[in-house]
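Remember, predicted model here, so these are calculated numbers, not experimental data. This chain uses plain numbering: 1 for the first residue, then up along the sequence.
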Amino acid sequence: MRIVVVGASGRIGTGVVAALAVAGHEVVAASRRSGVDAVTGDGLAGALSGADAVIDVTRPTTYVDDEVRTFFESVTENLITVELAEGVAHHLALSVVGCDRVPESGYLSAKAAQERLIAGSGMPYTIVRATQFFEFVPHITDTLTHDGVARVPPGLLQPIAAMDVSVAIAATAVERPLGGIIEAAGPERLPMAEFVQRVIDARGDEVEVVTDPGARYFGTRVLGDELVPGEGARLGEGARLGEGARFGEGARLGEGARFGEGARLGATTFEDWLGAHDLRG
């Protein structure tokens with residue numbers, strides 16, 4: 001398959017490109033670095049020519065509410081216009097678990113608007129909603145910590161390794177369009193305070209962790225399961241990219257891994273991730 005990855009230079013995009021290349025697909029890595037600007041549309045027609053599938057993993061450079069919404073709408077409209085003209089068979093976009101349940105968040109509301117735009121476009125599509133990445137949990141910890149105390153909302157998190165998201169996206173892109181949403185999450189669903197505590201312990205910091213219903217997650221209240229996937233999740237054993245990884249019917253990822261109905265769960269635990277990253281200093 002010829003698959004175009006738009007936003008290919010980002011954290012998720014580079015992983016998607018690697019996963020698809022290992023699986024033997026023809027991959028076009030499209031980003032501003034390669035002369036493709038999805039916001040303005042410059043270079044899109046050439047990049048998408050002959051594509052079987054297009055994967056949108058673009059991210060804005062700003063988090064100002066109106067600008068984020070404009071970014072996602074512009075990128076989506078430009079991509080779909082070219083895809084329809086080129087006869088692309090599958091549009092896949094990365095979104096966020098819970099984006100339709102947290103209206104206070106400008107970013108998440110913008111992702112929900114993007115989803116609606118895709119669903120009403122007439123393009124065959126799949127939306128992959130992912131939970132927060134492990135790589136971002138230290139930053140979450142920093143934003144909640146002041147004067148030696150981390151005040152953490154009582155809500156749940158189920159973060160996932162970025163590479164597991166990339167692998168799930170790559171596997172989904174070569175399947176038939178779902179015409180709907182699938183979710184990707186990590187294997188552990190715990191109170192946010194537990195993940196914050198693990199980061200603090202890994203750093204060796206002396207910070208008290210306090211669960212506070214008044215605390216905000218990037219300006220948003222998270223009191224329960226707003227940011228975790230629904231029930232029916234299945235764990236894909238060994239879903240790590242490696243030699244011999246295959247992507248095709250059944251979404252097999254490496255040795256014996258398969259994701260079925262319900263949320264797709266990455267195999268990497270947060271403890272695995274912490275063990276591979278030195279957060280001290």
- [ ] Evaluate the ring pair (Phe, Tyr, Trp, His ring centres under 6.0 Å) criterion for residues F218 and F136: first the C-alpha distance (whole Å), next the side-chain angles of each, then the deciding distance (0.1 Å), finally the verdict.
- [x] CA-CA 12 Å; F218 300 103; F136 201 60; 5.7 Å; yes
Open item on the list: Just by distance, no angles: are the side chains of Y217 and E226 close enough, under 3.5 Å, to form a donor-acceptor pair?
Closed with: no
Task: For D212 against G214, the heavy-atom pair lying closest together - done: OD1-N, 2.8 Å
TODO: For H90 and P124, indicate whether the former's side chain and the latter's backbone hold a donor-acceptor pair under 3.5 Å.
DONE: no
Task: Heavy-atom closest contact (A53 atom, V88 atom, distance) - done: CA-CG1, 3.9 Å
Task: Common cluster, L190/F270, ILVMFWY with side-chain heavy-atom separation under 4.5 Å - done: yes
Task: Interatomic spacing from CD1 in I182 to OG1 in T172 - rounded to 0.5 Å - done: 3.5 Å
- [ ] Kindly indicate whether the side chain of I200, heavy atoms from C-beta on, has any atom under 4.5 Å from the side chain of T141.
- [x] yes
Task: Aromatic ring proximity Y107/F72, centre distance under 6.0 Å - done: yes
TODO: Run the salt-bridge test on R198 and E188 with the 4.0 Å N-O cut-off and return the result as yes or no.
DONE: yes
Open item on the list: Under 4.5 Å between side-chain heavy atoms, counting indirect links through other Ile/Leu/Val/Met/Phe/Trp/Tyr residues: same cluster for V149 and V137 or not?
Closed with: no
Open item on the list: What verdict does the side chain to side chain contact (heavy atoms under 4.5 Å, CB included) test give for V54 and L48, after you've listed the backbone C-alpha separation in whole Å, the side-chain angles of each residue and the deciding distance to 0.1 Å?
Closed with: CA-CA 8 Å; V54 174; L48 272 57; 3.8 Å; yes
Task: D100 bridged to R129 by N-O distance under 4.0 Å - done: yes
- [ ] Check whether any side-chain heavy atom of V36 sits under 4.5 Å from a side-chain heavy atom of L44, and report yes or no.
- [x] yes
Task: Heavy-atom side-chain contact between N78 and V39 under 4.5 Å - done: no
Open item on the list: What verdict does the side chain to side chain contact (heavy atoms under 4.5 Å, CB included) test give for V5 and V27, after you've listed the backbone C-alpha separation in whole Å, the side-chain angles of each residue and the deciding distance to 0.1 Å?
Closed with: CA-CA 7 Å; V5 181; V27 187; 4.0 Å; yes
Open item on the list: Looking at A21, is its backbone amide N or carbonyl O close enough to the side chain of H25 to form a donor-acceptor pair, meaning the two atoms are under 3.5 Å apart?
Closed with: no
Open item on the list: Out of the candidates L156, V222, V209, only one should pair with M192 under the side chain to side chain contact (heavy atoms under 4.5 Å, CB included) rule; please name it.
Closed with: V222
Task: Shortest non-hydrogen contact between I12 and S166, atoms and distance - done: O-OG, 2.9 Å
- [ ] Kindly indicate whether the side chain of V174, heavy atoms from C-beta on, has any atom under 4.5 Å from the side chain of L20.
- [x] yes
Open item on the list: For A45 versus E86, what's the shortest heavy-atom pair and its separation?
Closed with: O-OE2, 4.1 Å
Task: Side chain H91, main chain I118, donor-acceptor under 3.5 Å - done: no
TODO: Determine whether M163 and T268 make a side-chain contact, defined as any pair of heavy atoms from C-beta on separated by less than 4.5 Å.
DONE: no
Open item on the list: Any salt bridge linking R2 with D52? Criterion: basic side-chain nitrogen under 4.0 Å from a carboxylate oxygen.
Closed with: no
TODO: Identify whether the distance between the nearest side-chain nitrogen and carboxylate oxygen of E104 and R216 falls below 4.0 Å.
DONE: yes
TODO: Please lay out, stage by stage, how R203 and D278 fare under the test salt bridge (Lys or Arg N to Asp or Glu O under 4.0 Å).
DONE: CA-CA 8 Å; R203 288 172 167 173; D278 184 4; over 6 Å; no
TODO: Dump the intermediate steps for side chain to side chain contact (heavy atoms under 4.5 Å, CB included) on I169 and L92, then the final yes or no.
DONE: CA-CA 8 Å; I169 288 172; L92 187 149; 3.6 Å; yes
TODO: Could you check if a side-chain atom of T131 sits within less than 4.5 angstrom of a side-chain atom of P229, using non-hydrogen atoms only?
DONE: yes
Open item on the list: Would you compute the distance between atom CG of L84 and atom CG of L79 and round it to the nearest 0.5 angstrom?
Closed with: 11.0 Å
Task: Under 3.5 Å: donor-acceptor pair, side chain of S34, backbone of S31 - done: yes
Open item on the list: Quick check on side chain to side chain donor-acceptor pair (under 3.5 Å): which of K111, E115, E183, Q114 does S95 satisfy it with?
Closed with: E115
TODO: Decide yes or no for R151 and L144: does some side-chain heavy atom of the first lie under 4.5 Å from some side-chain heavy atom of the second?
DONE: no
Open item on the list: Would you say that I3 contacts I55 through its side chain, given a criterion of any heavy-atom pair below 4.5 Å between the two side chains?
Closed with: yes
- [ ] Return yes if some donor-acceptor pair links the side-chain N/O of S109 with the main-chain N/O of P103 below 3.5 Å, else return no.
- [x] yes
Open item on the list: To the closest 0.5 Å, what do you measure between CD (E77) and CG (L117)?
Closed with: 5.0 Å
Task: Residue pair T126 / G179: nearest heavy atoms and the distance that separates them - done: OG1-N, 4.5 Å
Task: Pairwise distance CZ(F133) to CD1(I160) - rounded to 0.5 angstrom - done: 8.5 Å
- [ ] Let me see the working for L94 and V165 under side chain to side chain contact (heavy atoms under 4.5 Å, CB included), right down to the final yes or no.
- [x] CA-CA 9 Å; L94 174 62; V165 176; 4.2 Å; yes
Open item on the list: Using 0.5 Å steps for rounding, measure from the OG atom of S74 to the CD atom of E67.
Closed with: 11.5 Å
Task: T14 (side chain) donor-acceptor with R11 (main chain) under 3.5 angstrom - done: yes
Open item on the list: How close do W273 and P138 get, counting heavy atoms only, and between which atoms?
Closed with: CH2-CG, 4.2 Å
- [ ] Consider only side-chain heavy atoms of I, L, V, M, F, W and Y, link residues closer than 4.5 Å, and tell whether L157 and L265 are in one cluster.
- [x] no
Task: N/O donor-acceptor pair under 3.5 Å between D225 side chain and G155 backbone - done: no
Open item on the list: Strictly distance-based, threshold 3.5 Å: is any side-chain N or O of H146 a donor or acceptor partner for the main-chain N or O of T143?
Closed with: yes
- [ ] Verify the cluster assignment for V199 and V152: are they in a single hydrophobic cluster under the rule of side-chain heavy atoms below 4.5 Å apart?
- [x] yes
- [ ] Give a yes or no answer on whether the side chain of Q158 reaches the backbone of G186 with a donor-acceptor pair at less than 3.5 Å.
- [x] yes
- [ ] Using the rule that two of Ile, Leu, Val, Met, Phe, Trp, Tyr join whenever any of their side-chain heavy atoms come within less than 4.5 Å, decide whether M1 and M123 are in one cluster.
- [x] no
Open item on the list: Under a plain distance cut-off of 3.5 Å, with no hydrogens placed, do T269 and D272 share a side-chain donor-acceptor pair?
Closed with: yes
- [ ] Look up atom OG1 in T62 and atom CZ in F71, then write down how far apart they are to the nearest 0.5 Å.
- [x] 10.5 Å
Task: D164 side chain to A267 backbone, donor-acceptor under 3.5 Å - done: yes
